[in-house]
Amino acid sequence: MRLRRFDEALVIVDEAIHLANGSGAALELAELLRIQAEILAEKSQLGSHCAINAIRRSLEVGKQQAALAYQLRSATTFARLEDRQGRDHGARAIVRSI
């Protein structure tokens, strides 16, 4: 059974993102942003725009770090979010490019 504690999850992830940015140890930042996008997308349709922004940031961070695994995870999450929305923001092209 899923508890749907989205607000609590967002607080925790936001804190982790803040710590990763502030400490200079941003190794996991791409994954944290991807998780944030997943939570925002699940929380509500209103969060879908924020989710797309978070996943784009995740992709950017993964690319800057040359972290192919994080890029691929973020790109597949992006494609899944697009599929749910019935929109095309270019995620499939991103997956093919990785």
Side-chain angles (χ1 to χ4, degrees):
M1 180 172 133
R2 296 174 86 174
L3 297 178
R4 302 199 170 285
R5 295 166 55 183
F6 299 120
D7 292 331
E8 183 179 347
L10 279 174
V11 168
I12 292 168
V13 170
D14 287 345
E15 184 178 322
I17 290 169
H18 178 73
L19 289 171
N21 280 325
S23 70
L27 181 63
E28 301 295 327
L29 184 58
E31 181 66 0
L32 291 168
L33 290 165
R34 188 193 70 76
I35 292 167
Q36 181 185 52
E38 291 268 14
I39 296 166
L40 288 167
E42 286 292 324
K43 184 176 177 182
S44 73
Q45 288 299 328
L46 297 175
S48 64
H49 178 71
C50 294
I52 295 296
N53 288 339
I55 204 68
R56 284 184 174 150
R57 287 181 47 219
S58 175
L59 285 162
E60 183 180 312
V61 170
K63 188 173 185 177
Q64 289 171 354
Q65 294 177 340
L68 292 177
Y70 286 145
Q71 289 178 61
L72 185 57
R73 284 179 59 85
S74 295
T76 54
T77 297
F78 192 11
R80 191 171 50 253
L81 293 176
E82 283 186 337
D83 190 52
R84 284 185 207 160
Q85 295 176 358
R87 296 184 179 161
D88 183 7
H89 297 284
R92 285 171 182 76
I94 294 169
V95 171
R96 285 191 295 268
S97 74
I98 295 176

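A donor-acceptor pair is defined here as one N or O able to donate and one able to accept, closer than 3.5 Å; such a pair exists between the side chain of Ser23 and the backbone of Leu19.
One distance of note links CD1 of Ile55 with CG of Leu33; it measures 8.0 Å at 0.5 Å rounding. The distance from the CD1 atom of Ile17 to the CG atom of Leu10 is 9.0 Å, given to the nearest 0.5 Å. Between atom CG of residue Asp7 and atom CD1 of residue Ile12 there is a gap of 11.0 Å, rounded to the nearest 0.5 Å. Note that OG of Ser58 and CG of Leu32 are 9.0 Å apart. Values are rounded to the nearest 0.5 Å.
Residues Phe78 and Ile52 are in side-chain contact: their nearest non-hydrogen atoms beyond the backbone lie under 4.5 Å apart. Counting heavy atoms from C-beta on, the side chains of Gln65 and Gln71 never come closer than 4.5 Å. Counting heavy atoms from C-beta on, the side chains of Leu72 and Leu68 never come closer than 4.5 Å.
Remark: Asp83 engages Arg92 in a salt bridge (Lys or Arg N to Asp or Glu O under 4.0 Å) (not counting sequence neighbours).
Pairs engaging residues 8-20 under the salt bridge (charged side-chain N to carboxylate O under 4.0 Å, His left out) rule: Arg5-Glu8 [sequence neighbours left out]. Applying the salt bridge (charged side-chain N to carboxylate O under 4.0 Å, His left out) test to pairs two or more places apart or on separate chains, those with a residue in residues 30-40 are Glu31-Arg34, Glu31-Arg73, Arg34-Glu38, Glu38-Arg80.
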Report the C-alpha distance between Arg84 and Glu42 in whole Å, list the side-chain angles of each, state the deciding distance to 0.1 Å, and finish with yes or no for side chain to side chain contact (heavy atoms under 4.5 Å, CB included).
-> CA-CA 10 Å; Arg84 284 185 207 160; Glu42 286 292 324; 3.3 Å; yes

